[in-house]
Amino acid sequence: MNNMIDPENKGVDGVTCTTDEDLAIKVRTLTKKYGKDVFALNGLNFSVQKGEIYGFLGPNGAGKSTAVKVMTTLSCPSQGEVQLYNVDAIHYPEEARKLFGYVAQQSAVDGESTGRENLMLQGRLYGLRGSILSERVVQLLERFDLMDAADRLSKTYSGGMQRKLDLAMGLIHHPKILFLDEPTTGLDPEARASLWDTIHHLSKEDGLTVLLTTHYLEEADQLCDRLAIIDKGKVIVQGTPEALKGEMHGDVVHIETMEAISEFQAKDMLQGISDLHEIIVDGLSVYVRTHQGAEQLPALMSILKAENIKVRAATISRPSLDDVYLRYTGHVFTETEEREVSR
Ligand SMILES: Nc1ncnc2c1ncn2[C@@H]1O[C@H](COP(=O)(O)OP(=O)(O)OP(=O)(O)O)[C@@H](O)[C@H]1O
Ligand SMILES: [Mg+2]
């Protein structure tokens, strides 16, 4: 795995190899237009290596689910290419469908059936029958710790158990790729951590390629080998979480002001201070990137005081994916996430 960061849509993938043989997913100039002027996807380019966990991180409406629906042949693109293990998924959807499992943003579990029945039905839909199917169901129930609850109606399962059943259903036909659309949204932290563990094992022990979408920066950071920040139907930047964070040297000083100031005003005020690499203003927050946050903070505060700008709080931290997101989109991610969770 290399550490390359790729400001996408320039034809580079940010992967160590470029032969199609090593790729599980290859997407080129994917566009999806709804009606006259909604470009849900607007020239999406990226590739995923075999066995990788690749994350799509983006706010509401970024195009994550649309991209997954097109890749899983549920929706036709307006333009572009999707190759799954060298199968052209747009022109040969039947063949492509054998290669992947798909766990949708909304659970596909039937609450009025037991866990075992849900799995049996899913298996039959993929043409599995007899002992091959029943043995596969037992294998998955054991694998996902659902054996004790196998014959209970799945509406009695916890959120985490239902999501695990969703995952097991997506794997019934031994796919090579698993698409997960927001696998952990709405789960409590413990269930989320347990699901991360499961997804990690599926990739690292079973060699499954995983493409997941997420609203959680922490999830992308902990789980993904590489990730793409998506906004307005395009990849804004992609790379390993380490590379994306590593690109941001030094400290981030976050100053919360009592009244909003413009970015122009902030840059104008602070231009005299040396070693400030970046100044971004988002609402009442001023973010300043510098090599030595602790050393620069007194100078920053005294300039703000001299300019009569009241400060509510100031913090210094190492760059996180939040800061990477802010840098490439110009706004913080957490507000979007909070809106989504409370939706
Ligand atoms: N069937 C549809 N008809 C019209 N517009 C649509 C349709 N599906 C999605 N869109 C629009 O396409 C854009 C991308 O939507 P999409 O569901 O892919 O976003 P998302 O990144 O998955 O968002 P979320 O994080 O909320 O799930 C949005 O502007 C959405 O309103
Ligand atoms: Mg979505």
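Everything numeric in this text was worked out from a predicted model, so none of it was measured. Start at 1 with the first residue, then count along the sequence. For ligands, and for the atoms within them, numbers begin at 1 and follow the listed sequence.
Contact atoms of ligand 1 toward A62: 19 (O), 20 (P), 21 (O) (distance under 4.0 Å to a heavy atom of the residue). Taking every non-hydrogen atom of N60 and a distance limit under 4.0 Å, the qualifying atoms of ligand 1 come out as 23 (O), 24 (P), 25 (O), 26 (O). Which parts of ligand 1 touch Q105 is read off a 4.0 Å heavy-atom cut-off, strictly below it: atoms 27 (O). The ligand atoms of ligand 1 that sit less than 4.0 angstrom from a heavy atom of P59 are 21 (O), 25 (O).
Of the candidates V38, T66, T214, the one placing a heavy atom closest to atom 29 (O) of ligand 1 is V38. Nearest-heavy-atom check against atom 17 (O) of ligand 1 across A40, S65, G35 picks out S65.
For R289 and D323, the salt-bridge test fails: no basic side-chain N is under 4.0 Å from an acidic carboxylate O. Using a cut-off of 4.0 Å between Lys/Arg side-chain N and Asp/Glu carboxylate O, E81 and K26 are scored as not salt-bridged. Salt bridge status for D225 with K204: present, with a side-chain N to carboxylate O gap under 4.0 Å. Between E112 and K155, at least one side-chain N (NZ, or NE/NH1/NH2) sits under 4.0 Å from a carboxylate O, which counts as a salt bridge.
Not one N/O/S atom of T66, from backbone or side chain, sits under 2.8 Å from the Mg ion (ligand 2). In summary, S65 places an N/O/S atom under 2.8 Å from the Mg ion (ligand 2), meeting the contact criterion.
A donor-acceptor pair is defined here as one N or O able to donate and one able to accept, closer than 3.5 Å; no such pair exists between the side chain of D251 and the backbone of P319.
Between F179 and F100, a ring centre-to-centre spacing shorter than 6.0 Å is recorded.
Ring planes of F46 and F56: perpendicular class, angle over 60° (limits at 30 and 60°).
An N or O contact shorter than 3.5 Å is missing between A67 and ligand 1 by distance. Between G58 and ligand 1, not a single N/O pair is under 3.5 Å apart.
Every heavy atom of K32 sits 4.0 Å or more from the atoms of ligand 1. Taking 4.0 Å as the cut-off, K69 does not count as a neighbour of ligand 1 on heavy-atom distance.
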Next item on the list: Test side-chain contact (heavy atoms from CB on, under 4.5 Å) on S75 and K32 and set out the steps.
Entry: CA-CA 9 Å; S75 175; K32 175 79 187 179; 3.3 Å; yes
